[in-house]
Amino acid sequence: MITDRVSFTLARMGRVAETELRQALAEKGLKLSHAHVLGLLAERERVSQQALLEELRVDPSVLVTVLNGLEENGLVTRRRDPADRRRHVVEISDLGTELVTQADSAVRAAEAKLFADLDEQDVTVLRRLLGLIRTTGANACEE
């Protein structure tokens, strides 16, 4: 039966997980796309806008919209690279770093709820298996 297929189950569970994740982030005032970009910036502190585009694989207008929102809220700063005036550098602010920490805690709580019936080994296996799924064209920055 078609509804017994793994892809249907994965799609259904993906919607459940996405709903929980969006709700946890919304409680911190974040959209999924904003949290994704902030998370990348928190890992690197400072990155070129072009490097973000390449990593996220989104249309430049999508990234600009996300960055505009983050910048308006004081979570990131964008400025021209002094070494190459054609390049923009994006940096996470202290406020952005603090929000990432809070959002990470909220996401961990959502994951604990989602995976309450799994032990650590099950979650490790799940993470490994999900990492093997091909995701051509998919990205977490479009909403």
Side-chain angles (χ1 to χ4, degrees), residues 3 5-143:
T3 56
R5 306 302 301 167
V6 171
S7 56
F8 273 85
T9 302
L10 186 58
R12 188 176 66 253
M13 296 314 299
R15 283 190 304 275
V16 169
E18 182 178 359
T19 298
E20 291 291 328
L21 181 59
R22 284 184 187 279
Q23 188 173 33
L25 292 171
E27 290 172 6
K28 300 300 174 191
L30 287 172
K31 292 181 178 180
L32 185 60
S33 58
H34 293 167
H36 190 202
V37 171
L38 277 178
L40 291 173
L41 290 171
E43 290 171 4
R44 296 179 183 90
E45 292 182 20
R46 152 178 209 242
V47 67
S48 75
Q49 196 164 315
Q50 183 61 40
L52 279 175
L53 276 171
E54 291 168 7
E55 174 134 3
L56 296 169
R57 293 180 297 161
V58 296
D59 187 89
S61 65
V62 171
L63 180 60
V64 167
T65 300
V66 170
L67 290 175
N68 285 345
L70 293 172
E71 195 169 35
E72 286 168 12
N73 290 306
L75 303 171
V76 302
T77 57
R78 265 185 299 191
R79 64 184 191 305
R80 296 259 180 213
D81 185 342
D84 182 351
R85 302 287 298 156
R86 295 169 296 172
R87 234 172 67 133
H88 281 93
V89 174
V90 184
E91 268 183 291
I92 191 166
S93 69
D94 291 341
L95 183 61
T97 300
E98 184 180 317
L99 187 55
V100 166
T101 300
Q102 293 172 14
D104 189 55
S105 293
V107 169
R108 285 179 191 273
E111 284 184 348
K113 180 178 167 185
L114 281 168
F115 305 128
D117 294 333
L118 303 178
D119 63 27
E120 222 174 291
Q121 185 178 358
D122 290 336
V123 173
T124 299
V125 169
L126 178 60
R127 183 175 283 121
R128 185 184 64 76
L129 292 173
L130 290 172
L132 296 174
I133 296 173
R134 294 179 189 225
T135 58
T136 34
N139 64 67
C141 203
E142 291 186 48
E143 294 196 43

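Taking every heavy atom of both residues into account, Arg80 and Arg86 meet most closely at NH1-O, 3.8 Å. Here the shortest heavy-atom pairing between Lys28 and Gln102 reads CE-O, 3.8 Å. When all heavy atoms are compared, the tightest approach of Ala103 to Leu25 is CB-CD2, 3.9 Å. For the residue pair Ser61 and Thr65, the shortest heavy atom distance occurs at O-OG1, 2.9 Å. The nearest pair of heavy atoms linking Val100 to Gly39 is CG2-N, 4.3 Å.
With contacts defined as side-chain heavy-atom distances shorter than 4.5 Å, the pair Leu75/Leu41 does not qualify. With a 4.5 Å cut-off on side-chain heavy atoms, Leu53 and Val58 count as touching. In this structure, the side chains of Leu10 and Leu130 come closer than 4.5 Å at one or more pairs of heavy atoms.
Other residues, nucleotides and ligands contribute more than 12 heavy atoms inside 6.0 Å of the CZ atom of Arg44. Atom CG of Asp94 sits in a sparse spot, with 12 or fewer heavy atoms from other residues, nucleotides or ligands closer than 6.0 Å. More than 12 heavy atoms of other residues, nucleotides or ligands lie within 6.0 Å of CZ in Arg79, so this atom counts as buried by the packing criterion.
Under 3.5 Å, the side chains of Glu27 and Gln23 contain no donor-acceptor pair of N or O atoms.
Under a 3.5 Å cut-off, the side chain of Glu71 and the backbone N or O of Arg78 do form a donor-acceptor pair.
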